[in-house]
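Each chain gets a letter, A, B and so on, in the order its sequence line appears, and its residues count up from 1.
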Amino acid sequence: MPRSERSSIAEPIDVSGVYGGPAGPPYTLVCDELDKRFGATHAVRGVSLTLSRGRTLALMGENGAGKSTLMAMIAGELKPGSGSVAVDGRVAVVHQELSLFPQLTVAENLGLGREPRLAGLVNNRRLRADGRAALDRIGVALDVDTPVERLSPAEQQLVEIARAVALNPSLLILDEPTSSLEPSQVDLLYAATERLKQDGTSVIFVSHRLEEVFRFADEIAVMRSGALVGAGPASDYTRESLVAAMVGRELEQLYPERSADRPQAEPVLRFEGVGGHGVRDVSFAIRPGQIVGIAGLEGHGQHVVAELAAGVRKPRAGRLVLDGSTRGDGGFKSPREAIAAGVAFVPPDRRTSGLMLPLSIAENLTVAAAHRLHPTRLLNGGAERRAIQPVVERLRLRFAELEQRVGELSGGNQQKVLFGRWLLVRDLRLLVLDDPTRGVDVGARAEIYGVLRELADRGVGVLLVSTDMLELIGLADEIHVMYEGAVRGSVPGHSATEEEIMTLAAGEA
Amino acid sequence: MSAVTASPEPKQERRGALRRRLLRSRELLVSYALALALLIAFAIATPGGWEPQRILTILGQNAQLGIAAIGQTVVLLSGGLDLSIGPVMNLASVVSSAQMRGQDGNIAQGIAVALAGGGLVGLVNGLLVARAKIPPLLATLAVGTIVQGGYYVYTEGQPKGGVAPGLQSAADAKVLGSIVPWWLVLWLAVWAVVAFLLYRTTWGRRFYAAGASPRASWLSGVAVSRYVVGAYVLSGICAAIAGVALTAYTGSPSVSGADSYTLQTVAAAVIGGVAFSGGIGRLAGAFAGVAVLVFLTTILETLNVDSAVQYVVQGAVLIGMMLVNRRLSGRGSGSAGR
Amino acid sequence: MSALTHATARRATPLGTTTLAGLKPALFITLISALAVAIAAVVSEPFRSPTNVESLLFQMAPLLLVAAGQAVVITTAGIDLSVGSMMSLATVLAAASSSSAGAVVALVLVVGLAGGLLNGLGVVSGVNPLVMTLGTMAIFRGIALLVLGQPGGIVPADLLTPLTTVFGHVPLTFLLALAGVALLWLASAETRWGRTLFAVGGDEGHARRARLPVRRTLLIAYSVSGLFAALGGLALVARIYSGDPNVGDPFALDAITAALIGGVAVTGGRGSVLAVIPAVLLLALTDNLLNLAGVFSYWQYIAKGVILIATLAAYHAAGRPSGLLTMARGGWRKGAGDASTGGAR
């Protein structure tokens, strides 16, 4: 379900009467055969679930498994296709996309819509005091008069959580609440949720970090392809059984075989002491046939690395070396220059930065290669279709017709269109990807991974930035972990573990 | 190529594809339907009925709105807005007349100066929007105001020179003794050229992409700035052509004759289904929009409706069309300053 | 980026922090205006004369009101092009009805609110504000022409007299306009409605998701704009002593210009209504000084345009995100991948 259509911090709503009568004690949440389709996609298949007061549930599942849709229905943001959900009290949701108002202060954001009043006017003193109290509840100390746009991503995430907590919900839903947080902040959050649980609040959270799951959660529910494939106390699961339940197959089957390393080959791209835009002294190489991964907590520079490689940003220090020749000015002046040199970029947020939503599939596919496909600059429909055909087949792109608006496709197919755009460009040397499988179902992901490995085998370098550690471990030959703008350490992909990566991402070891 | 369903019979498939295609251009169809309805109403309500000559003449007399609307449409497709169209039309009127000084020999020069002026203003607009990143409403508003001041000061309220008689007579002339007015042909020619660029070349494709999502296009290697600047330059040139056409039609230059045109071009484009968000809508919509406005006005005038009521009707029709388009597409149409 | 800091005890001002921040551009413009006034007062004797001052203040009153209402609408990332026609309508209603002052004022206020509400309804139904108010601009103008086809009419004496009252050389309408702007500023900055205005202008999608009363807020915003345009029309009557169905035409763009000069971001979510006061002063000063200097009056167009671009360039240079830099790279539209909002990623 398109992320942009979901809401973030919900005004406390009591769904208890709406869908099926109140949930009685000891249950805070009762879901009965919840089902939802979006067109041809069966997002949630008959999920039934209960959660008691004061308990924490970790909702697990890969990207595209249906977790967001399920949470949206529980929160009352989305009407179920069938089935019912009942919540005993208020629900507050914190989504991963921050939806604070950047130009307003922390206090103003925390109190928005419920400002304390004095004779009709906002009582700013109370507002500030309330803001501080809300932050205290989760143990965070911030200047409540700071405009939110001046906070770091971690601080913003904490403010969002504080806002939800301040609503005194019976059920708190957190979507990847720790993606930007450092370990000390994660501890804060843990302590805060413990306090909430003692007060009787139930918590549902989604996380990809298995060790956090086992630390925070009393119960675990696993979704796969829209269905609930397992639910029970956390103690029933081990790491391996949890991963297996999520993926539904041996890990190796989702991710293709790695190819042999070619240590003697000239690297496709070398970062030499690159710095600027929040990163410093970044050095690594991508050899032909290699998939190099970049990991790290949000806000520590991994997206900047992708942008530097793709020409979205120019290095302020150091230089990029492409196929042995140093770039003039040390980098690429623009994506146009990078593309001309053979570097392509699949950005995160495909809906806002990747696709032209009102345009057709054909137009989206051909936008980068347009001049090459039509050398006279006159559009040639036949030539275009002939060029698109093999790409569509290779990606197993599913659609009704090429003239269809790309906004109507599923997440997985949309992502494939982005890939397809670059497959049409000739002389590709390096493909830079940032979170390429977010919101993509497992079938499409397997197909995308296959294409990536094929490209790598043909000699194209792949730079993969991802927040999904399992993806990095499964796919990358080498993983560099960012911390505070520098490469903290590197681990070989085939033997990397989540703990190793997390340790480095937290600035330790 | 894999389709969602098993491949249907070829004939069914073609019909299905046609239906889908029509559905995609809903707003365009509705605007043409409205234009047609108004045309029929015009034929019924006024003496003279279905005379093609009359209808073509009316369209020809409003060719300047049509040409200006083409420029505005292109700017809207780029995700922007051009509020300087009226002032540029007036500018064209003033400088072309000053150059022509009422003599046929100077027609070419007069037109050239007007086009250069329009293009220059468009260039300034484009650079402010694309390079200085000033929101289009603001940039074109400011530039339009300055241009307005410019020609007011230059002419001190009284335009100099005059329209060459040769140009004036062209306003009424028809093509080769037929019933098609020259100005209408000019309008169609401009439409054809711009449509060719937009729909039959790669540049047009990339331009639509730049309008639909500047960021995604930029990341895909499209020189978004160039296309945006180009859109405003084209709009300036179209406005200049329209200004000259208007002057030829009225017979004398004016510093305020085109003041109402700016917002009319916006109305025409919007009625034709062009969205403010960029990348949505077709050039053909501008024609339908102008036709709607022109036929509506003509009907009201022929029926001797008070000009006051005309205003009310025009406003109501514009709002009504927008509500209809909203229902059709189920999406919002962006916001003013964006 | 800041590490976690401890809460500091801020000075306990009753005003909101963002409210105060919105006043910064106003300060800048006030300084410029004050400077201009000072220089003009020293250099030009005609400028100093009480008659001139009185005339200047009379001239400012209508624009103050209209610009304040416009500032509210622009804060929501919208726009109201119909204010000029609404002003004209107000003047003709004042001049065409032979009732008492009280009835006329009541009528004008009701019409202003109703017109504004109509705009609001269109906008919340999804019609683009530019287009909606373009349509109502035509509708209101048509209605004004129906009421009074030509400038003229008779304004009831018991309305005209109070409207043209002067205290010393300070017109009543000017004082009322100041009061109106101040009240609107307070309401738009320090009430729940006002806070929601900024949220809606900042990001309407987020505001909806946060379950803020977006519909109601927008309806009130446009109603207010209509109301203040109508009030501006009444203030205008004090200058023209009649009704005129076209008199309000230039005011729509002037109001927008004033709001933008005052620092209200055209993309919404930032700025202060109070800032229209120094902005309108600057614009009126420019007119006044050009007139006194005997400069051809059409230079004021150029002056306005230049002032607009110059102030925006100054805000941009000061690093203030006044809506100029709506996107960090490669684009100039908000919402299409804004890289400057503190970085969610």
Side-chain angles (χ1 to χ4, degrees), chain A residues 39-40 307 310-312 334-340 344-347 349-360 362-364 366-380 384-385 388-390 392-393 395-405 407 418 421-422 425, chain B residues 1-5 7-8 13-14 16-27 77 79 196-227 273-282 329-331 333-334:
Chain A
E307 290 174 346
V312 176
S334 67
R336 209 169 142 80
E337 210 181 272
I339 292 168
F345 185 34
V346 177
D349 300 321
R350 57 177 167 270
R351 290 182 73 85
T352 53
S353 311
L355 297 169
M356 296 100 195
L357 290 176
L359 268 43
S360 70
E363 286 162 345
N364 270 276
T366 58
V367 64
H371 291 327
R372 175 183 85 78
L373 290 174
H374 310 281
T376 60
R377 305 292 187 259
L378 289 177
L379 292 182
N380 181 338
E384 194 169 276
R385 268 189 295 278
I388 291 179
Q389 171 86 319
V392 158
E393 277 168 6
L395 290 170
R396 284 194 266 265
L397 193 62
R398 285 172 193 63
F399 55 89
E401 48 172 6
L402 277 177
E403 288 77 35
Q404 189 180 10
R405 286 177 61 186
L418 280 185
R421 180 182 294 166
W422 298 116
V425 169
Chain B
M1 185 160 337
S2 37
V4 171
T5 56
S7 44
E13 201 177 86
R14 272 204 301 279
L18 181 63
R19 220 191 60 213
R20 275 193 296 269
R21 185 126 186 247
L22 289 176
L23 270 173
R24 272 197 293 272
S25 334
R26 294 188 286 264
E27 292 90 357
L77 285 173
F196 177 79
L197 287 172
L198 281 181
Y199 301 118
R200 298 241 57 86
T201 66
T202 53
W203 297 306
R205 272 277 181 85
R206 283 162 81 105
F207 172 75
Y208 258 88
S213 177
R215 179 152 177 96
S217 307
W218 181 65
L219 291 175
S220 299
V222 175
V224 173
S225 287
R226 271 185 232 169
Y227 286 104
V274 178
F276 278 89
S277 44
I280 297 176
R282 308 274 300 183
S329 62
R331 65 169 175 251
S333 38

Problem - No-hydrogen, no-angle side-chain donor-acceptor test under 3.5 Å, Y227(B) and Y208(B) - result: no
Practice task
Check each atom of F196(B) against the heavy atoms of chain A and say whether the ones under 4.5 Å are side chain, backbone, both or neither.
Solution key: side chain
Exercise for the section: Check each atom of R421(A) against the heavy atoms of chain B and say whether the ones under 4.5 Å are side chain, backbone, both or neither. Expected result: side chain
Exercise for the section: Check whether L378(A) gets within reach of chain B through its side chain, its backbone, both or neither, counting any heavy atom under 4.5 Å. Expected result: both
Problem - Any donor-acceptor pair under 3.5 Å from R282(B) side chain to G273(B) backbone - result: no
Handout entry: For chain B, the option from L418(A), L357(A), L359(A), T366(A) that forms the most heavy-atom pairs under 4.5 Å
Key = L359(A)
Handout entry: Rounded distance (nearest 0.5 Å) linking atom OG1 of T201(B) with atom CZ of R377(A)
Key = 9.5 Å
Handout entry: N/O donor-acceptor pair under 3.5 Å between S217(B) side chain and A209(B) backbone
Key = yes
Completion exercise
Okay, T376(A) and chain B: the region with an atom under 4.5 Å from a heavy atom over there is neither
Handout entry: Partners passing salt bridge (Lys or Arg N to Asp or Glu O under 4.0 Å) against E403(A) (at least two apart in sequence or in another chain)
Key = none
